[in-house]
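Here the structure is laid out as structure tokens; the discussion comes afterwards.
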Amino acid sequence: MSRVTPLSRQNSSTVSLALTLLTRRLSSATASDASSKLHDCYSFEPPASLSPTSQNPTDTIVKPKKKLKPQYRPPSSLDRTGRKPVHSDLPFDFRYSYTESSPSVRPIGLREPKYSPFGPGRLERPWTGVCAPAVDPKVKSLEGQEDPNMTEQRMKKRELIQGKPLTSAERKVLVSKCERSKTKRQINLGRDGLTHNMLNDIHNHWKHAEAVRIKCMGVPTVDMKNVCTQLEDKTFGKIIHRHGGTLVLYRGRNYNPRRRPVIPLMLWRPHEPIYPRLIKTTIEGLSIEETKEMRKKGLAVPALTKLAKNGYYGSLVPMVRDAFLSCELVRIDCQGLEKSDYKKISCKLRDLVPCILVTFDKEQIVVWRGADFNPPEDGYSFTHRELFDDSDDNLTSGEEACDKFDDRSTL
């Protein structure tokens, strides 16, 4: 009996193993038959989780690869194939600065190749190295004569946008809205003057308000008349208030923000062209020794004024004119200013006073009134009160208008 029991246990184990194998085969066969019948009748395919091959733990699920983000490229290097260049109908030449560059002054050379600051293929106009002319130049790049028809187009377009002149009440309301205590919106016009991209900023401000406050500082304030003229000419707006270097620019009655002009933006600042030297070896009409003596004498003259960095220089021209009544040489202290800044200031003084430039040594501007200087008959060459045109065709003093404005504002 002891031998029978182990044999029976062994037989039972083998029978159980055979039964499990048989059931697995039958289940797989029935599953395959069922799947084949379902596929034949209903075009049904079992999911991957029910298939016997997916039960293998060694199988790995392959995840789709995530698309990598393309590397950043600057706008100047983007491929513009298939995209048309920007077209603008503005009737004037595109320059980097409209107040610090003059089309009548011809440079003697360029500091870089004629590479457009708008980017390659982004503007319909060619870049001549100085400007992007509205009329195809072919190539009078450095001649600087503007087409007279463009001036007429600008005047007509400005008249259409401005419409009926403002009344004195409307003007006062717009000026009061631009006070510093009521709005922080302001455009700063600095050492580069009225730049091309600043035109776009002005139109962006005109989306939200009829008038915008502009704060002028630095070199352009020597000739505020030119700043006001260029602002009105290039934006087709109207300056309705001026107090020193602070202006209020009105957009016009018929201005529509949705029909604003197309202003392509400059992506970088172009290099200034090369102009003739301002200080020559000898002053015209004098010998070398006389020129040296005049420069030494000019540096010893007491300074008329000291210019502050990014200050307001609107009274500099009348100060020099009045100083020439008693002294033939005038010295202006420019310590702390950039060399390019006081060179631009001296160039403006030469044209506005007018005077002759003597030297820039030791960060000083020394000017000479010239041998043929004739003082004005009344003894003064400047009236401090500038006329400010009113909408009712009444000419009032700029100081009087500013005093009323300053009672309500700290502009």
Side-chain angles (χ1 to χ4, degrees), residues 74-76 90 92-120 122-123 125-135 137 139-146 187-201 216-227 229-231 233-234 263-281 307 309-311 313 316 332 334 336-352 354 357 359-361 363-365 367:
S76 59
L90 289 173
F92 55 83
D93 300 345
F94 292 161
R95 294 175 173 267
Y96 175 75
S97 177
Y98 298 103
T99 56
E100 303 309 301
S101 61
S102 175
S104 61
V105 179
R106 179 178 180 180
I108 59 176
L110 301 175
R111 300 181 188 273
E112 63 176 5
K114 297 176 183 179
Y115 191 72
S116 175
F118 297 93
R122 287 180 168 268
L123 185 63
R125 305 181 183 185
W127 181 257
T128 63
V130 178
C131 65
V135 181
V139 164
K140 295 180 180 179
S141 59
L142 305 179
E143 293 297 331
Q145 295 295 330
E146 190 179 24
I187 293 178
N188 295 323
L189 192 146
R191 58 189 297 186
D192 292 329
L194 177 61
T195 59
H196 177 77
N197 289 356
M198 198 176 292
L199 300 178
N200 188 60
D201 296 338
C216 304
M217 300 173 291
V219 179
T221 58
V222 177
D223 189 5
M224 283 301 297
K225 184 179 180 181
N226 182 40
V227 173
T229 302
Q230 293 296 331
L231 277 170
D233 188 53
K234 300 302 185 293
I263 303 176
L265 298 180
M266 289 189 178
L267 302 180
W268 58 84
R269 175 181 179 175
H271 290 286
E272 292 185 358
I274 303 172
Y275 292 99
R277 292 186 61 183
L278 295 175
I279 302 297
K280 298 181 180 180
T281 307
L307 300 182
K309 190 175 183 180
N310 294 328
Y313 312 142
L316 185 61
I332 303 168
C334 300
L337 271 67
E338 296 288 339
K339 189 174 183 179
S340 59
D341 287 357
Y342 60 77
K343 281 188 175 182
K344 290 178 181 178
I345 291 172
S346 61
C347 187
K348 292 177 183 291
L349 290 176
R350 180 192 63 183
D351 299 333
L352 297 174
L357 303 179
T359 184
F360 294 148
D361 291 344
E363 297 184 356
Q364 309 290 315
I365 298 177
V367 292

Run the ring pair (Phe, Tyr, Trp, His ring centres under 6.0 Å) check on H196 and F118 step by step: do they pass? CA-CA 11 Å; H196 177 77; F118 297 93; 5.5 Å; yes
Should I345 and L316 count as side-chain neighbours, where that means a heavy-atom distance under 4.5 Å? yes
How many angstroms lie between atom CG of D351 and atom CG of D223, to the nearest 0.5 angstrom? 9.0 Å
For this output row, return yes or no: ring centroids of W268 and Y115 closer than 6.0 angstrom. yes
Given L110 and V130, is the side-chain contact (heavy atoms from CB on, under 4.5 Å) satisfied, shown in steps? CA-CA 8 Å; L110 301 175; V130 178; 4.2 Å; yes
Are E338 and K344 within salt-bridge range, i.e. N to O under 4.0 Å? no
Using the six-membered ring of F92, assess whether NZ or CZ of K234 lies under 6.0 Å from its centre and within 45 degrees of the ring axis. yes
Interatomic distance, SG@C216 vs CG@L194, rounded to 0.5 Å, equals 9.0 Å
Answer yes or no: is there a side-chain heavy-atom contact under 4.5 Å between L123 and P264? yes
For Y342, check side chain to side chain donor-acceptor pair (under 3.5 Å) against everything at least two apart and list the hits. none
Straight-line distance of M266 CE to N200 CG, nearest 0.5 Å: 12.5 Å
Would you indicate whether K343, at its atom NZ, is surrounded by more than 12 heavy atoms from other residues, nucleotides or ligands within a distance under 6.0 Å? no
salt_bridge(E100, K348) N-O dist < 4.0 Å: yes
Could you grab the distance from atom OG of S97 to atom CZ of R191, nearest 0.5 Å is fine? 11.5 Å
Taking only Lys NZ, Arg NE, NH1 and NH2, and the carboxylate oxygens of Asp or Glu, determine whether D192 and R269 approach each other closer than 4.0 Å. yes
Nearest 0.5 angstrom please: R122 CZ to L267 CG, how far? 5.5 Å
So S346 and L278, side-chain contact (heavy atoms from CB on, under 4.5 Å) or not? Walk me through it. CA-CA 9 Å; S346 61; L278 295 175; 4.0 Å; yes
Gap separating the OH atom of Y275 from the OG atom of S102, nearest 0.5 angstrom: 8.0 Å
Do F94 and Y96 have ring centres separated by under 6.0 Å? no
Run D341 and K309 through salt bridge (Lys or Arg N to Asp or Glu O under 4.0 Å) and show every step you take. CA-CA 9 Å; D341 287 357; K309 190 175 183 180; over 6 Å; no
Would you say the side-chain atoms of T195 and N197 include a donor-acceptor pair closer than 3.5 Å? no
